[in-house]
2 protein chains.
Amino acid sequence: MIRENEKIFVIDDDESVRRSLPLLLKTMDYEVETFSSSEEFLNSKQFNGSGCIILDINLEGKSGLELQDELLKNPYHLPIIFITGKGKVPESVQAVKKGAVDFLQKPFDDEQLLKAVEEAVAKSRNWKKEFDEQMEAKDKIDKLTQRELEVLKYVITGMLNKQIANELNIAEHTVKIHRGKITEKIGVKSVAELVRIAEQAGIQPLYTKIS
Amino acid sequence: MIRENEKIFVIDDDESVRRSLPLLLKTMDYEVETFSSSEEFLNSKQFNGSGCIILDINLEGKSGLELQDELLKNPYHLPIIFITGKGKVPESVQAVKKGAVDFLQKPFDDEQLLKAVEEAVAKSRNWKKEFDEQMEAKDKIDKLTQRELEVLKYVITGMLNKQIANELNIAEHTVKIHRGKITEKIGVKSVAELVRIAEQAGIQPLYTKIS
DNA sequence: GATTTTATAGAACTAAGGTACTATAGACAT
DNA sequence: ATGTCTATAGTACCTTAGTTCTATAAAATC
């Protein structure tokens, strides 16, 4: 199965939308779940796969744009396709600037929606892949002690062991021990791999200021 | 001077806009140049600094959206702020999805515009910085011979010289010679720096398929 | 045709990275 | 108190990286 684990969440207070969209989406083999409010969606069990959210702007309680702001606080979330009856330019601009994949005005045709969904799901796959890699990298970095992390930040600049030792006022041998622990814990055998993993985890190299 | 070299390009067929916007922008110490059509802008001497473009959607000849498409073909271009009389949601969504910083409907107040300009200029600075770094990295990579580039792609995976030698069916010594040339030409002294520069230049590591 | 660039390689050497084994000392937990 | 974790370090050893000198051969350039 190609689209394993991909799911579309429809959030709209209009019952006719909650009836018709799933029918359309299921013909394209998407899994679908519907909600009538932002709160109902937020209270549902969190979904970690890829997919997207089709979200009405005008909702009772928390509006679509407010829900978007809420979701943006998470490090990982699903791409959003907004749908609206009478859309205004400023809110559509805001929504898209914050990463929404599309902003469709009712009535929209099926083709338009499916194209947007396809784009959103593709984006979701990429986001998820990047996020998973980032998490994996962070998990590895988390195994390091404070001192090891410090040494790592120097190692990924390309500094020599003796330079790092000098910077930290310790023996070169001790730096070697730390490096050994680092590569062992992270499970790599080269500086090149350390540089990549550190970058994925958002660790910045610690360059010494030239004095 | 803080905003050295930053310039705002106003492209609008409405003469009153071409008169009033420069006055406003110059109070904020921006350099400004105006054009009455896309063609006029495209024929002007190209600008390599940072800044932004304020662009009317509805222009005679090439429209604002068409000019945006044109500019997107370049590896480097200025961020765009669209202005329009009667904006429609679909075109505003398309414009922003393609990277436009904002989409303002006339009449807009000065504050709104200046905020958008500030954001656009900040984005421009980042883009320019990234672009310049990328160019610098590519220039360095361009000095390498085909074979050296090939070796580099293996080096940045973290492979040992003897593994690379085996992969290429040459002597380990030859790999060392190539590496020496690579680090000399690129002007670095460590694998870590090679990994960074290769990444900036868009060079992908060449992992050997595990057999 | 002569010169330069590129790719190759051996021999010999220095420097740097990495790994034992051993050891001390403070911090923290059971 | 006893054990584990962390950070430190010396000695000794092996592996890997990098350079120098020499050398060959094909390709490109002048």
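First the proteins, then the strands, lettered A, B, ... as listed; each starts at 1. Side-chain atoms are counted along with the backbone in the values below, which use heavy atoms only and exclude waters and symmetry mates.
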- Query: Taking NZ, NE, NH1 and NH2 as the nitrogens, is one of them in B/Glu70 or B/Lys62 under 4.0 Å from a carboxylate oxygen of the other?
  - Reply: yes
- Query: Under 4.0 Å between a side-chain N/O of A/Asn161 and OP1 or OP2 of C/dG17, yes or no?
  - Reply: yes
- Task: Evaluate the salt bridge (Lys or Arg N to Asp or Glu O under 4.0 Å) criterion for residues A/Glu119 and A/Lys115: first the C-alpha distance (whole Å), next the side-chain angles of each, then the deciding distance (0.1 Å), finally the verdict.
- Result: CA-CA 6 Å; A/Glu119 185 188 338; A/Lys115 199 181 162 194; over 6 Å; no
- Distance below 4.0 Å between A/Lys162 side-chain N/O and C/dA16 OP1 or OP2: yes
- Query: Looking only at N and O atoms, is any donor in the side chain of A/His178 or the base of D/dA7 less than 3.5 Å from an acceptor on the other one?
  - Reply: no
- Query: Where does the angle between the aromatic ring planes of A/Phe41 and A/Phe9 fall among parallel (under 30°), tilted (30 to 60°) and perpendicular (over 60°)?
  - Reply: perpendicular
- If only side-chain N and O atoms of A/Thr174 are considered, is one of them under 4.0 Å from the OP1 or OP2 phosphate oxygen of D/dA9? yes
- Task: Answer with base, sugar-phosphate or nothing: what part of the nucleic acid does B/Lys181 contact at a heavy-atom distance below 4.0 Å?
- Result: nothing
- Query: Which sits closer to the 5' end of DNA chain C, B/Lys143 or A/Thr183, going by the nucleotide each is nearest to?
  - Reply: B/Lys143
- Tell me whether the OP1 or OP2 atom of D/dA7 has a side-chain N or O from A/Arg147 closer than 4.0 Å. no
- Message: Using only modelled atom types and a 3.5 angstrom limit, is any donor from either the side chain of A/His173 or the base of D/dT11 paired with an acceptor on the other?
- Response: yes
- Query: Base, sugar-phosphate, or nothing for A/Thr145, non-hydrogen atoms under 4.0 angstrom?
  - Reply: sugar-phosphate
- Task: Please confirm whether the backbone N or O of A/Glu39 pairs with a side-chain atom of A/Asn43, one donor and one acceptor, at under 3.5 Å?
- Result: yes
